[in-house]
Amino acid sequence: MHRILTPCIVLAVGLLAFAQDDVLHAPKTVTAGNSVSISTSGQGSATFYLLGPSRVAKRSVQLGQDITIAANDVASSGIYQAIACSSSCSSTVFQVLPAAPARLSFLLHPSRVPVSNGNAINATAFVFDRYRNTVLSSAKVDFHITLPDGPTMTRAGQTSRGITWFEMGSTPKQGRLQIVASIADANEPRVIQQVASDACHLHMTASPSGRTVKLETDPIRDCAGNPLPDGTIVSFTKIDNAGRSTVDTPIKKDKASAQFQLSGNARISVACGVALGNELSVGGGQ
Amino acid sequence: MKPFLLWTAFLAGAFTLLAGESALVSASAASLPKVVLHAESIAPRSIEQRTGEMVTHNYAQAWQDLASCVEANRTDLLKDFFTGEAKTRLTHLVADQRKAGLRTHYEDHGHEVKAVFYSPDGGEMQLEDTAQLEMQVFDGQKMIYSSTSPHKYLVLMTPGADRWYVRSLESVGNDAF
């Protein structure tokens with residue numbers, strides 16, 4: 001009999017000790033950053049505990065009196081347990097909801113992108129309240145887009161679980177593309193540098209002089225007319241009686257140039273990245 | 001996508017099995033909680049198999065560290081799988097627990113995790129976690145609170161050099177998802 005009774009008594013004491021009875025009365029939900037009043041019933045002193053996602057508080061209270069929880073103790077959204085322990089412990093649960101949107105985290109990729117590239121730019125915005133809680137209710141984020149050639153446009157995104165995103169293609173003109181994400185008083189600007197794409201209509205001319213030939217390209221531009229940046233490598237390749245020879249040279253002031261010694265008739269080609277230019281036949285000594 | 005679900009479920013089970021078999025190799029691996037990742041409705045980017053494996057494993061490791069951290073009140077246990085706001089909040093929590101003489105014991109019975117957002121650049125992944133946790137809070141030796149109800153979390157993970165970090169871990173109401 002003793003063996004049966006002991007576990008029963010322990011269980012009963014356990015149930016009493018953690019009873020979720022009517023000692024504590026908290027609102028079901030509270031907005032983050034607002035103080036909370038929890039009413040209590042009973043009498044005598046007790047130890048009060050507040051267990052939250054990022055804060056824990058413990059203090060002595062008098063049962064029968066209201067317990068005020070300071071605003072900064074409920075700044076993090078989530079589930080909170082309020083517990084009062086005297087001879088036994090009683091608890092209640094309430095939820096702290098995020099406050100109004102006030103902060104943005106805005107990610108824009110990549111930092112450099114070739115012009116006229118479809119869906120090459122992606123933007124993701126995260127919406128938080130002033131306490132860095134993710135705002136779960138749907139909110140509208142405005143994206144103000146300033147293109148390199150001046151015009152500005154705005155597109156809006158509606159968040160889902162605090163996130164909104166979009167993709168867009170780069171525009172034909174190189175330069176600075178700025179996107180400012182905005183919600184409430186929060187503005188987060190980000191900049192992408194649109195750079196020239198691959199060379200287009202690559203063309204060189206040759207100026208033979210005795211056994212040498214000087215080569216120079218026309219201004220090198222992409223198909224939208226954007227000049228390729230100085231420093232971009234252009235390759236000139238010569239094939240003649242002496243064999244094959246290649247010169248890699250950077251673009252300077254929109255053009256690239258090179259010089260070869262010739263050994264008989266030569267075929268010379270030019271390339272820049274994936275773009276092939278024209279091919280010339282040059283006679284040695286001609 | 002279905003094979004991936006099955007695969008991750010198998011993988012998560014494998015963690016548990018593996019833990020039992022390699023108890024002598026790694027004591028910490030033995031207590032990795034079970035995590036099952038569902039990725040059928042992830043958008044806008046689909047999840048790669050290797051990424052799913054990493055996220056599943058690292059999230060399990062994060063929970064293992066979290067449980068150890070709030071049990072022992074040691075913030076050094078948060079450095080491997082937490083970053084950003086999640087790490088900040090747990091650090092505050094542990095500091096408060098230590099000050100109040102409290103500790104929290106989690107008995108982790110597993111996580112059903114649904115991946116809902118994966119950014120186009122692969123830099124952020126949002127998860128909805130329904131966790132089966134037994135939670136016991138002690139003031140000294142006295143248990144002051146005990147709960148066995150499911151807990152829901154909205155999670156943001158971001159990739160690092162060799163792992164995925166929990167950047168945000170927010171408890172949400174039962175009706176959130």
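Below, chains carry the letters A, B, ... as their sequence lines are ordered, and counting in each starts from 1.
- Closest approach of B:Lys142 and A:Ser86 over heavy atoms only: NZ-O, 4.0 Å.
- Shown here is A:Arg59, whose CZ atom has more than 12 heavy atoms of other residues, nucleotides or ligands within 6.0 Å.
- Across A:Ser160 and B:Gln126, no two heavy atoms sit closer than the pair O-OE1, 4.4 Å.
- Across B:His151, B:Glu128, B:Lys99, the residue that shares the most heavy-atom pairs under 4.5 angstrom with chain A is B:Glu128.
- The CG atom of A:Leu50 lies 9.5 Å from the CG atom of B:Asp96; values are rounded to the nearest 0.5 Å.
- If you measure heavy-atom distances from A:Leu51 to chain B, the contacts under 4.5 Å come from the side chain alone.
- The local environment of CZ in A:Arg130 is sparse, with at most 12 non-hydrogen atoms from other residues, nucleotides or ligands closer than 6.0 Å.
- At a 4.5 Å heavy-atom cutoff, A:Asn119 makes no contact with chain B through either its backbone or its side chain.
- Looking at B:Tyr145 and A:Cys89, their side chains never come closer than 4.5 Å, going by heavy atoms from C-beta outward.
- At a threshold of 4.5 Å between non-hydrogen side-chain atoms, the residues A:Arg55 and B:Leu93 do not count as touching.
- With a 4.5 angstrom heavy-atom cutoff, A:Phe166 does not touch chain B via any of its atoms.
- Listed options A:Pro53, A:Ala57, A:Ser54 were ranked by heavy-atom pairs under 4.5 angstrom with chain B; first place goes to A:Ser54.
- More than 12 heavy-atom neighbours from other residues, nucleotides or ligands sit within 6.0 angstrom of CG on B:Asp76.
- When the candidates B:Ala176, B:Gly173, B:Gly123 are compared by the number of heavy-atom contacts under 4.5 Å with chain A, B:Gly173 comes out ahead.
- Side-chain N or O atoms of B:Ser171 include one that pairs as donor or acceptor with a backbone N or O of A:Ile79 at under 3.5 Å.
- Within the 4.5 angstrom heavy-atom criterion, only side-chain atoms of A:Thr124, from C-beta onward, approach chain B.
- Using a 4.5 Å cut-off between heavy atoms, B:Gln97 touches chain A through backbone and side chain atoms alike.
- Across all their heavy atoms, B:Pro120 and A:Glu167 have their closest contact at CB-OE2, 3.5 Å.
- B:Glu124 is listed as a side-chain neighbour of A:Phe126, based on a closest heavy-atom distance under 4.5 Å.
- B:Glu170 places no side-chain N or O within donor-acceptor distance of the main-chain N or O of A:Gly78, the cut-off being under 3.5 Å.
- Residue A:Gln62 qualifies as enclosed at atom CD: its count of foreign heavy atoms under 6.0 Å is above 12.
- Looking only at heavy-atom pairs under 4.5 Å with chain A, the residue among B:Val116, B:Leu156, B:Leu102 that has the most is B:Val116.
- Only the side chain of A:Ile83 has a heavy atom closer than 4.5 Å to any heavy atom of chain B.
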Exercise. Kindly indicate, with the supporting measurements, whether the criterion side chain to side chain contact (heavy atoms under 4.5 Å, CB included) is fulfilled by A:Leu107 and B:Ser119.
Key: CA-CA 10 Å; A:Leu107 304 169; B:Ser119 64; over 6 Å; no

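- Dense packing is recorded around CZ of A:Arg161, with more than 12 heavy atoms of other residues, nucleotides or ligands lying under 6.0 Å away.
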